[in-house]
Amino acid sequence: KGEGSLYKKAESAFRAEELKNFMEWYCAYQEVSLVSTVSEGISRRFPFVKFKDADFSRVINESFVKKCRNPRELWSIFRLWNHGSKIKAEDILKSCDGLIKKYRELAILYIIKAKALAKLKLNKEAEETLLQSLKCQIISPYDKIHIYNDLAEIYLKLKNKKMALKYAQENIKLIDSLSCKYSCGDKTGKIYRNMKRLTEKSGLEKLK
């Protein structure tokens, strides 16, 4: 009979104050995010039920936003930003640039950066960033759905009808090729319907 023993002692990083502070912040974020998600879902199902907007103020810290240390942290901040929280696009960009230096092949970082650039009306820079994301080694079909969608929207803003149509059609092909079936209420289903509208003549009239 062999004797059991620990593989190795716990790394000092797991006892670090920095990790403790992040975990406390992340737990607070998840708590507020859960309340927000549930209340939004109930309001969609029962329009007559209204809730106050979720208060994310206690989990927004400007210095933290600027110095996200890994993609999980940045994704959490990005979700807060999408909720309309008072986070500056410039701060999102600073975190993106720092993380892209460490994780150059991770497409999601470029997607978030492009959204921040578009928010600042830097559409050419957003276009370049999205095109760069397509060259990443770590990229999923779901990433591509969002990249094609964002490229189509950027080209609409740039008044480039041909390229907007190209990426809308590419996205429709991609979504149609996936084995998963999407319900009409999910994010991908919404993108699919938008791409369908864009490929119709009426969807491109704004470019005339």
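Under the salt bridge (Lys or Arg N to Asp or Glu O under 4.0 Å) criterion, E127 pairs with K124, not counting sequence neighbours. Listed by chain and residue number, F46 satisfy the side chain to side chain contact (heavy atoms under 4.5 Å, CB included) test with F48 (two or more places apart in sequence, or in another chain). Every residue was checked against the side chain to side chain donor-acceptor pair (under 3.5 Å) condition with Y167, not counting sequence neighbours, and none meets it. For K144, the salt bridge (Lys or Arg N to Asp or Glu O under 4.0 Å) test picks out no residue, with sequence neighbours left out. By the side chain to side chain contact (heavy atoms under 4.5 Å, CB included) test, D97 is found to be paired with K113, residues two or more places apart in sequence or in another chain being considered. A search for ring-ring contact (aromatic ring centres under 6.0 Å, His included) contacts involving Y110 returns nothing, not counting sequence neighbours. Applying the salt bridge (Lys or Arg N to Asp or Glu O under 4.0 Å) criterion to D150, with sequence neighbours excluded, gives K115. A search for side chain to side chain contact (heavy atoms under 4.5 Å, CB included) contacts involving L120 returns A89, E90, L93, L122, not counting sequence neighbours. Scanning for side chain to side chain contact (heavy atoms under 4.5 Å, CB included) contacts around K173 gives an empty result, with sequence neighbours left out. Remark: D143 pairs with S140 by the side chain to side chain donor-acceptor pair (under 3.5 Å) rule, at least two apart or across chains.
Checking side-chain atoms of S177 against main-chain N and O of L174 turns up a donor-acceptor pair under 3.5 Å.
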Without placing hydrogens or testing angles, list every side-chain donor-acceptor pair under 3.5 Å for residues 99-109, not counting sequence neighbours.
{"unit_1": "K102", "atom_1": "NZ", "unit_2": "R69", "atom_2": "O", "d": "3.3"}
{"unit_1": "E105", "atom_1": "OE1", "unit_2": "Q137", "atom_2": "N", "d": "2.8"}

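Side-chain polar atoms of D176 and Y192 form a donor-acceptor pair below 3.5 angstrom.
Between T199 and L165, the shortest heavy-atom contact is CA-CD1, 3.7 Å.
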